[in-house]
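Numbered from 1 within each chain, the chains take letters A, B, ... in sequence-line order.
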Amino acid sequence: MHRQSRPIMAELPPAEHIDAEALAKEYLNGSIDLICVLGPTASGKTKYAVRLARGLEAACGRSCEIISADSRQVYRGMDIGTGKDLADYCGIPYHLIDIADAGSQYNVFQFQQDFSAAWQDIRSRGCIPILCGGTGLYIRAVTSAYDFRSSRPLSAPGPDSEATLDLTNGSKGLGPAKALPASTYFIGTLVTREVRNERIDRRLDARLQEGMVDEIRGLLDAGVPAETLISYGLEYKFVTLYIKGELSYAQMREQLAIAIHQFAKRQMTWFRGMERSGTRIHWTEV
RNA sequence: GGGUAGGUACCAGAGUGGCCAAAUGGGGCAGACUGUAAAUCUGCUGGUUUUCACCUUCGGUGGUUCGAAUCCAUCCUUACCCA
């Protein structure tokens, strides 16, 4: 008898079919000003967003451009570990990928600024913007118009008043009114946990074979501190620990797979939280 | 065949007569998170129950005892060692 405790799992939301033509119409008549594709890692967001872009272009003749909402793909030289898969875009222009140096510290506030600029730019050229990514905080910061000016500026680890002052001045200088979307249509890419984890495992092995360890060793050799890479989390954290000899290859692979599973779960928690607070997400099977 | 050490909840692993439904870690589940978010943090994790509580659990069986995961007997079983 296998009475393994089977905890209640949040049921998957019902999937719906997204009609590109209707969506294009909504965008053109101004009832929405941004389309956002979100989902946990390994749910096929990018591929879906590209397909959607194609569908929208076919439906209304306007070009689509994708704005990435991925807190790690912003860094140059971090390709395999962040799964950039730039070929997946198939010619659709993308934004906010490779915009910061590996080793630097990008953040939500910066993202909000950069997103605003890209979003306005795309719209000013008559194109349709699609925000696509899995960094929930980033997505929410730009679609719910988070106001960071009133919040505490990022403070340095120590009592480094100078750094704090610089950031404060910087945010003031950018002005209070950032242009952000007023109405976003959210599409979530839906996969069962089992399928998701299976894909994560397979993808991890593929990345290891593609030379992920070498990529990260290269970053270390280029002078990116190990602590910084570790702070980036997941592949950068565990592979760095492996390179430093603190984990065996097998341990690295196993612990990393678990950490990615847990990350995907946390992403879903965030998205559910968005729904709980009133955001309508149209989940679709991919 | 003989010897030794083990068999504890999903896993690992404490506990060696009452304060044990059973430490701790991992995993899992759920949640929080407006300037690091692939980060950081919280709760739950035998069953019924709102709580109190009660019920069934520590390889099997049978004992000892007011009381056993803990002691005894026996059986099954795992690892290693000697043959």
Q. Is A:Gly136 touching bases, backbone alone, or none of the nucleic acid, heavy atoms closer than 4.0 Å?
A. nothing
Enumerate donor-acceptor pairs with a distance under 3.5 Å from any side-chain N or O in residues 205-225 of chain A to protein atoms, sequence neighbours excluded.
{"residue": "A:Asp205", "atom": "OD1", "partner": "A:Arg253", "partner atom": "NE", "Å": "2.7"}
{"residue": "A:Asp205", "atom": "OD1", "partner": "A:Arg253", "partner atom": "NH2", "Å": "3.2"}
{"residue": "A:Asp205", "atom": "OD2", "partner": "A:Arg253", "partner atom": "NH2", "Å": "3.1"}
{"residue": "A:Arg207", "atom": "NH1", "partner": "A:Gly81", "partner atom": "O", "Å": "3.4"}
{"residue": "A:Arg207", "atom": "NH1", "partner": "A:Glu235", "partner atom": "OE1", "Å": "3.2"}
{"residue": "A:Asp214", "atom": "OD1", "partner": "A:Arg217", "partner atom": "NH1", "Å": "3.3"}
{"residue": "A:Glu215", "atom": "OE1", "partner": "A:Asp79", "partner atom": "N", "Å": "3.2"}
{"residue": "A:Glu215", "atom": "OE1", "partner": "A:Ile80", "partner atom": "N", "Å": "2.7"}
{"residue": "A:Glu215", "atom": "OE2", "partner": "A:Asp79", "partner atom": "N", "Å": "3.2"}
{"residue": "A:Glu215", "atom": "OE2", "partner": "A:Ile80", "partner atom": "N", "Å": "3.4"}
{"residue": "A:Glu215", "atom": "OE2", "partner": "A:Gly81", "partner atom": "N", "Å": "3.4"}
{"residue": "A:Glu215", "atom": "OE2", "partner": "A:Tyr236", "partner atom": "OH", "Å": "2.8"}

Q: Let me know the distance between CG of A:Leu247 and P of B:rG26, rounded to the nearest Å.
A: 15 Å
Q. In a check of side-chain contact (heavy atoms from CB on, under 4.5 Å) between A:Glu57 and each of A:Leu52, A:Ile128, A:Ile92, which one passes?
A. A:Ile92
Q: Quick one: look up who B:rA32 pairs with, Watson-Crick or G-U, both distances under 3.5 Å, and put none if it's unpaired.
A: B:rU40
**Q.** Pair A:Arg72 + A:Asp70, salt bridge at N-O below 4.0 Å
**A.** no
Q: Please work out if A:Gln262 contacts a base, only the sugar-phosphate, or nothing of the nucleic acid, heavy-atom cut-off 4.0 Å.
A: sugar-phosphate
Q | A:Tyr236 vs B:rA38: side-chain N/O to OP1/OP2 distance below 4.0 Å | A | no
Q: Sequence neighbours left out, what passes side-chain hydrogen bond (donor to acceptor under 3.5 Å, both in side chains) with A:Ser248? Give chain and number order.
A: A:Gln251
**Q.** Partner nucleotide of B:rU74 by Watson-Crick or wobble geometry (both distances under 3.5 Å)
**A.** B:rG60
**Q.** Rounded interatomic separation in angstrom, taking CG from A:Asp70 and P from B:rA37
**A.** 11 Å
Q: Determine, using ring centers only, whether A:His282 and A:Tyr185 are less than 6.0 Å apart.
A: yes
**Q.** Residues A:Lys84 and A:Asp98 bridged, charged N to O under 4.0 Å
**A.** yes
Q | Integer-rounded Å distance: B:rA38 C1' and A:Leu256 CG | A | 10 Å
Q: Could you check how far CG of A:Asn197 sits from P of B:rG27, rounded to whole Å?
A: 13 Å
Q. Is there ring stacking between A:Phe148 and B:rG35, where the centres must be under 5.5 angstrom apart and the planes under 30 degrees?
A. no
(Q) Please confirm whether the ring centroid of A:Tyr75 lies under 6.0 Å from the ring centroid of A:Tyr232. (A) yes
Q: Round to a whole Å and report the spacing from CD of A:Gln73 to C1' of B:rA38.
A: 11 Å
Q. Nearest to the side chain of A:Glu235, which nucleotide is it out of B:rG28, B:rA38, B:rG31?
A. B:rA38
Q) More 5' along RNA chain B: A:Ala145 or A:Ile258, using each one's nearest nucleotide? A) A:Ile258
Q) Could you give the CZ-to-P distance, from A:Arg193 to B:rG27, as a whole number of Å? A) 15 Å
(Q) So A:Phe111, base contact, sugar-phosphate only, or nothing? Heavy-atom distance under 4.0 Å. (A) nothing
Q) Atom NZ of A:Lys265 and atom P of B:rG27: how far apart are they, to the nearest Å? A) 12 Å
Q.
If the condition is side chain to side chain contact (heavy atoms under 4.5 Å, CB included), which residues does A:Tyr94 pass it with, not counting sequence neighbours?
A. A:Leu86, A:Tyr89, A:Ile97
**Q.** Touch class at under 4.0 angstrom, heavy-atom based, for A:Ser144 against every strand present
**A.** nothing
Q: Apply side-chain hydrogen bond (donor to acceptor under 3.5 Å, both in side chains) to A:Thr135 and list each qualifying residue two or more places apart in sequence or on a separate chain.
A: none
Are any protein N/O atoms closer than 3.5 Å to N/O atoms in nucleotides 39-43 of chain B? If there are, list each pair with its distance.
{"residue": "B:rA39", "atom": "OP2", "partner": "A:Arg266", "partner atom": "NH1", "Å": "2.5"}
{"residue": "B:rA39", "atom": "OP2", "partner": "A:Arg266", "partner atom": "NH2", "Å": "3.2"}

Q. How close or far is atom P of B:rA32 from atom CE of A:Met268, stated in whole angstroms?
A. 13 Å
Q: Would you mind pulling out the nucleotide paired to B:rU4, Watson-Crick or G-U wobble, both distances under 3.5 Å?
A: B:rA79
(Q) Taking the basic N atoms (NZ, or NE/NH1/NH2) and the acidic carboxylate oxygens, is any pair closer than 4.0 Å for A:Glu16 and A:Arg280? (A) yes
Q | Evaluation steps, side-chain contact (heavy atoms from CB on, under 4.5 Å), between A:Tyr106 and A:Ser71 | A | CA-CA 8 Å; A:Tyr106 195 76; A:Ser71 68; 6.0 Å; no
(Q) By the 4.0 Å heavy-atom rule, please label A:Ile260 as base, sugar-phosphate, or nothing. (A) nothing
Q) Which of residues 38-46 of chain A have a heavy atom under 4.0 Å from RNA chain B? A) none
Q: Respond yes when some side-chain nitrogen or oxygen of A:Thr269 is under 4.0 Å from OP1 or OP2 of B:rG31, and no when none is.
A: yes
Q: Verify the contact: side-chain N or O of A:Arg149 to OP1 or OP2 of B:rG35, cut-off strictly under 4.0 Å; return yes or no.
A: no
